Amino acid sequence: MLGIVLLSCVAVVAGGRSPHADYIEELIKNNAFGVRVSDNIIEDATLDLPDLVRKYNYPFEEHFVTTEDGYILGVHRIPHGRSSDNTPGERPVVFLMHGLLSSSAEHIISGPGNGLAYLLADEGYDVWLGNARGNYYSRRHLSLDPDAPFNADFWQFSFDEIGNRDLPAMIDYVLMHTGRSALHYIGYSQGTTTFFIMCSLRPQYNDKIISMHALAPVAYMAHNKNPLFLALAPFSKDIASIASLIGIGEFLPNREIYTWAGQALCMDGMILQPICSSILFLVGGWNEAQHNATMLPVVFGHIPAGASVMQFAHFGQSIVDKDFRRYDFGTLQNLLRYGTAIPPKYDLSNVVAPVFFHYSVSDPLAEVEDVYRLYEELGRPMAKIRVPDSKFSHLDFLWGIDAKELVYDGLINLLRIMG
Ligand SMILES: *[C@@H]1O[C@H](CO)[C@@H](O)[C@H](O)[C@H]1NC(C)=O
């Protein structure tokens, strides 16, 4: 367990605006959501995360953790609930890790009473939220510049590095800061992928996990049927190498994604609302029954939060290879890095922390066959819990109207049982 550099400090965070505040204001002005957006929602959509949490009278801390390869990650904390006194030492620690293109905001934006981070804080947990390298809160490095022109060095990472370097650094920091020896881990989507990578490549981290809860578990993608992914997957390696060659490493930086989406889809008064609302949900699976249109401006105020081209390429490789392997850099680079022409498989039998699955039969990004295969190969799978709603989709694990009743209540019971 050598050499994880832990530089730390707690920042006093100044009031700020959400990642897409300007854009959201413009959308609302153009009536893009098709409904009257209340002042309260406008505020939630445009406030930066620290102020959003404080608006609802919860404590919020931002910490900074430096990885062994120099990335500076913003780690967020809601140390206790609204009504409780601050006794952090007494509270079990829960660490939440977000999905692709997302951030710590994903468990917060649905608000108190709905968002998992708030629910856990109210239930007596010390809640920590990670942010992967490259997202809005972790877009810094000791020497590399994410915005350097014609230079993508900052962006040379996939979810392999997030699991192998970011998670260990953040978990060690949280344990050191709280004086604990182990914590509960809740991952969503890519936040489960990165957990399995961490425990596979660095098995000593299993001992630091009391229990792991995988919401919409993703590792194998052999059965993925998303037409967009299937069309692009075979080219993913080429796209990544070409992008890197010409110095592009970030997957559609925020301003570009919104300029593109805005001009293409959202700004035209004729087709505004339905299409604009569904950009995000096209990929994640649309489920009308769980969809809360009221909170869409808040979602779009905070997400997407950034990712590298290589993260997408790595998922593309998983679709094409029908396997769960380290990043494929091409034969020569693979030989240099891994000593084999084909990237090694992640050894899932190394994952011996107790793992609980929370999955749905209609999640287009975590098909049941792939979920079961993953479960069978883990070292210590505890239970796989199917969401009792046959239409429950990928994004519903975060923002579904009944996520609390269908998923979180049961999950919190398991946390209690596991200590
Ligand atoms: C829908 O979202 C709004 C805004 O976040 C929230 O106040 C409301 O409780 C949500 N509705 C349901 C049914 O969850």
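Both backbone and side-chain heavy atoms feed into the values below; hydrogens, waters and symmetry mates do not. Just so it is clear, the structure is predicted and the values come from calculations on it, not from any experiment.
With values rounded to the nearest 0.5 angstrom, Arg386 atom CZ is found 15.5 Å from Phe357 atom CZ. Rounding to the nearest 0.5 angstrom, the gap separating the CZ atom in Phe196 from the CZ atom in Phe159 is 12.5 Å.
The main-chain N or O of His302 is never found under 3.5 Å from a side-chain atom of Ser18 such that the two would form a donor-acceptor pair. With hydrogens and angles disregarded, no donor-acceptor distance shorter than 3.5 Å links the side chain of His20 to the backbone of Ala45. With hydrogens and angles disregarded, a donor-acceptor distance shorter than 3.5 Å links the side chain of Gln311 to the backbone of Ser308. The main-chain N or O of Phe392 is found under 3.5 Å from a side-chain atom of Ser360 such that the two form a donor-acceptor pair. With hydrogens and angles ignored, the 3.5 Å screen pairs no side-chain donor or acceptor of Asn350 with any backbone N or O of Cys199. A donor-acceptor pair under 3.5 Å links the side-chain atoms of Asn151 to the main chain of Asp153, judged by distance alone. Judged purely by atom type and a 3.5 angstrom limit, Asn131 uses its side chain to pair as donor or acceptor with the backbone of Ser104. For Asn135 (side chain) and Ser102 (main-chain N/O), a donor-acceptor pair under 3.5 Å exists by modelled atom type. Without hydrogens or angle criteria, Gln317 side chain to Asp328 main chain gives a donor-acceptor distance under 3.5 Å. A donor-acceptor pair under 3.5 Å links the side-chain atoms of His98 to the main chain of Ala132, judged by distance alone.
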Legend entry - Derivation and outcome, ring pair (Phe, Tyr, Trp, His ring centres under 6.0 Å), residues Tyr188 and His394: CA-CA 9 Å; Tyr188 167 67; His394 200 66; 5.2 Å; yes
Inset, instruction - Determine, stepwise, if the pair Tyr58 / Phe60 fulfils ring pair (Phe, Tyr, Trp, His ring centres under 6.0 Å). - result: CA-CA 6 Å; Tyr58 284 78; Phe60 183 93; over 10 Å; no
Inset, instruction - Carefully, step by step, assess Asp147 and Phe154 under the rule side chain to side chain contact (heavy atoms under 4.5 Å, CB included). - result: CA-CA 9 Å; Asp147 299 312; Phe154 178 94; over 6 Å; no
Legend entry - Worked check of side chain to side chain contact (heavy atoms under 4.5 Å, CB included) between Asp126 and Trp128: CA-CA 7 Å; Asp126 179 3; Trp128 291 77; 3.3 Å; yes
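Stacking of Arg165 on the aromatic ring of Tyr71 is not recorded, the 6.0 Å distance cut-off and the 45° axial limit not both being met. In this structure, Arg325 fails the cation-pi test against Tyr338, since its NZ or CZ atom is not both closer than 6.0 Å to the six-membered ring centre and inside 45 degrees of the ring normal. Annotation: cation-pi pair Lys384/Tyr359 absent, no NZ/CZ under 6.0 Å from the ring centroid and within 45° of its normal. Remark: Lys208 is positioned above the aromatic ring of Tyr205, its terminal NZ or CZ atom under 6.0 angstrom from the ring centre and at most 45 degrees off the axis.
Salt-bridge annotation for Asp396 and Lys391: absent, with no side-chain N of the basic residue lying under 4.0 Å from a carboxylate O of the acidic one. A salt bridge links Arg54 with Asp51; the closest basic N to acidic carboxylate O contact falls under 4.0 Å. Between Glu377 and Lys345 there is no salt bridge, since no side-chain nitrogen of the basic residue lies less than 4.0 Å from a carboxylate oxygen of the acidic one.
Shown here for Trp399 and Glu106, the closest heavy-atom pair between the two residues is NE1-O, 3.1 Å. Of all heavy-atom pairs between Ala169 and Val65, the closest is O-CG1, 3.6 Å. The two residues Tyr118 and Ile108 make their nearest non-hydrogen contact at CE1-O, 3.3 Å. Contact record, Met97 with Tyr185: CB-OH, 3.1 Å, taken as the closest heavy-atom pair. Taking all atoms of both residues into account, the shortest heavy-atom contact from Leu73 to Ser138 is CA-OG, 3.4 Å. Nearest heavy-atom pair, Arg326 versus His314, reported as atom, atom and distance to 0.1 Å: C-NE2, 3.6 Å.
There is no side-chain donor-acceptor pair under 3.5 Å between Asp166 and Thr67. Side-chain atoms of Tyr56 and Asp44 form a donor-acceptor pair, as typed in the model, at a separation below 3.5 Å.
Between Met198 and Ile171 the shortest side-chain heavy-atom distance falls below 4.5 Å. Leu49 is listed as a side-chain neighbour of Leu52, based on a closest heavy-atom distance under 4.5 Å. For the pair Tyr125/Arg91, no side-chain contact is recorded, criterion being any heavy-atom separation below 4.5 Å from C-beta on. Under the 4.5 Å side-chain criterion, counting only non-hydrogen atoms from C-beta, Phe315 is in contact with Leu100. The shortest side-chain heavy-atom distance between Thr294 and Asn292 falls under the 4.5 Å cut-off. Counting only heavy atoms from C-beta outward, the side chains of Ile72 and Leu142 approach each other to under 4.5 Å.
In this structure, His76 and Tyr137 have perpendicular ring planes: the angle between them is above 60°, well past the 30° mark.
Around atom CG of Leu335, more than 12 heavy atoms belonging to other residues, nucleotides or ligands sit under 6.0 Å away.
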